[in-house]
Amino acid sequence: MKNRYLSTRIMAIMMAAAMAVSAAPAAFAAERADSETIKEDNQPAADADSYTQEDADAQDSADADKTADAEGTKTEYPLTITTYDYDGNEIETTYEKAPEKVLAVYQGSIETMLALGLEDRLVATAGLDNEVPDELKDAFSKTNYLDEFTPSLETVTMLEPDMILSWSSLFSDKNLGNVTDWIDKGCNTYYNTNTRPDGDRTLENEFTDILNLGKIFDVQDKAQAIVDDAKAVIDKTLTATADVEEKPSVMVLEPLGEDITNYGAKSLGGDMVTQLGATLANPDASTAGKEDIIAANPDVIFVVYMPYAGDDPETVKESQLAVIKDDEALQSLDAVKNGRVYPIMLSEMYASATRTQDGIETFAKGLYPDVNLD
């Protein structure tokens, strides 16, 4: 399993380098489960109907309380939204009305549409690496999940979408097609801002994307509720740790074969950590050798793992953690000696979309294990 994980991630990095863009790690994964298995894994539980209804009623009540201020906020069309082309250049797109035939490709794109209650606007979905959250499985099961993980331009053309939502790296001529070509055809595109080539990855970008989609589809109250929930975790954490005199130093690391990626100040994971009041021990480096990690000697280390469809998540997670925790050369680290090496899933801190709150909570609990954050 470890070798499979590493080969999958290394292949993604090689493709990213060849394309000179921030490629979606899973877009080129090997040995992924087939589409039928993915659809089967994402079906709601047999008893989901009664559970979902009770849960939905409670959630509706909570959402109503949290979004009272946003109630009545309506989108006025035509609406102009700023997004980017394949190369990362800023462009403007105009919506005469809410799109009705949306193609959502990759995890965050699909889950954001479902979380906003827009499954009926999806002409097709593709590119799931992980199971969608249980509360979204019923909605996902109603979508047309494609056999192709990354749909070809021919497949996309046949779907006749009026909007494509994905990651920047997939808007190439070899995959979904060129952004400007689609816009010229009357089909708008939008990609996760934190996948923009050479751009800084920030929490604010994730929030802006969700709020923009809320505007595009005239569901601004739902979008605001998602953003407010995530921001509330940060506020609660900062309040609860206001009296903590020495905030922890942190490294966010992803072992990839012989290399270790370091998520620094310009990464989304790094931004999450600093917004929670901690300090990045090695903020400027994109990679870290063992010597670098030892020299930084962070109080806390978060180890990034990513199980793909068909993988056993626990096996992948433990394999990644072992690279740091079981290395003889790293036993002198404070984080290792004090048992402060924690896992975090890649999808929670890289182009995280509606999983942003999960990422913030994972970081907060690891940074401040002795503080009550409930």
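The analysis underlying the following values was restricted to heavy atoms, covering all of them including side chains, and did not include hydrogens, waters or symmetry mates. For reference, positions follow the sequence shown, starting with 1. The model shown is predicted, which means the values in this text are computed figures rather than measured ones.
- Using modelled atom types, one finds no donor on one side chain facing an acceptor on the other under 3.5 Å when comparing Gln224 with Gln220.
- In terms of heavy atoms, Ala230 sits closest to Gln357 at N-OE1, 3.9 Å.
- Inspection of the Glu148 and Thr155 side chains reveals an N or O donor paired with an N or O acceptor under 3.5 Å.
- The closest side-chain donor-acceptor pair between Asn212 and Tyr190 falls under 3.5 angstrom.
- Within the 4.5 Å cutoff, the side chain of Ser172 has heavy atoms near those of the Tyr86 side chain.
- Take Glu36 and apply the salt bridge (Lys or Arg N to Asp or Glu O under 4.0 Å) test, not counting sequence neighbours, and it matches Lys39.
- Put simply, the side chain of Asp173 never gets that close to the backbone of Gly177: no donor and acceptor are under 3.5 Å apart.
- Both Val371 and Phe302 are assigned to one and the same hydrophobic cluster, defined by single-linkage of ILVMFWY side chains at heavy-atom distances under 4.5 Å.
- Checked by atom type and distance alone, the side chain of Gln107 pairs as donor or acceptor with a backbone atom of Asn130 at under 3.5 Å.
- With hydrogens and angles left out, the side-chain atoms of Gln275 and Asp271 include a donor and acceptor closer than 3.5 Å.
- No side-chain N or O of Asp200 forms a donor-acceptor pair with one of Thr202 less than 3.5 Å apart.
- Residues Asn205 and Thr208 have side chains that never bring a donor and an acceptor to within less than 3.5 angstrom of each other.
- Counting heavy atoms of neighbouring residues, nucleotides and ligands inside a 6.0 Å radius, atom NZ of Lys266 does not exceed 12 of them.
- Contact of the Thr125 side chain with the Phe140 side chain is registered, since non-hydrogen atoms from C-beta on lie closer than 4.5 Å.
- Lys74 and Asp218 are joined by a salt bridge, as a carboxylate oxygen and a charged side-chain nitrogen come within less than 4.0 angstrom of each other.
- Both Leu321 and Ile294 are part of a single hydrophobic cluster, where members link through side-chain heavy atoms under 4.5 Å apart.
- A side chain to side chain donor-acceptor pair (under 3.5 Å) with Ser249 is found for exactly one of Asp334, Thr279, Asp299, namely Asp299.
- A donor-acceptor contact closer than 3.5 angstrom links the side chains of Thr193 and Asp209.
- Ion pairing of Lys142 with Asp138 is present here, as a side-chain N (NZ or NE/NH1/NH2) and a carboxylate O approach within less than 4.0 Å.
- Remark: the Asp147 side chain and the Ser35 side chain contain an N/O donor-acceptor pair separated by less than 3.5 Å.
- At a threshold of 4.0 Å, the pair Asp134-Lys137 counts as salt-bridged, since one of the basic side-chain nitrogens sits closer than that to a carboxylate oxygen.
- Atom CD1 of Ile344 sits about 6.5 Å away from atom CE of Met272, to the nearest 0.5 Å.
- The side-chain heavy atoms of Leu280 and Met251, taken from C-beta on, include no pair separated by under 4.5 Å.
- Put simply, the side chain of Ile164 reaches to within 4.5 Å of the side chain of Cys187, judged on heavy atoms.
- Using bins of under 30°, 30° to 60° and over 60° for the plane-to-plane angle, the ring pair Tyr106/Phe149 lands in the perpendicular bin.
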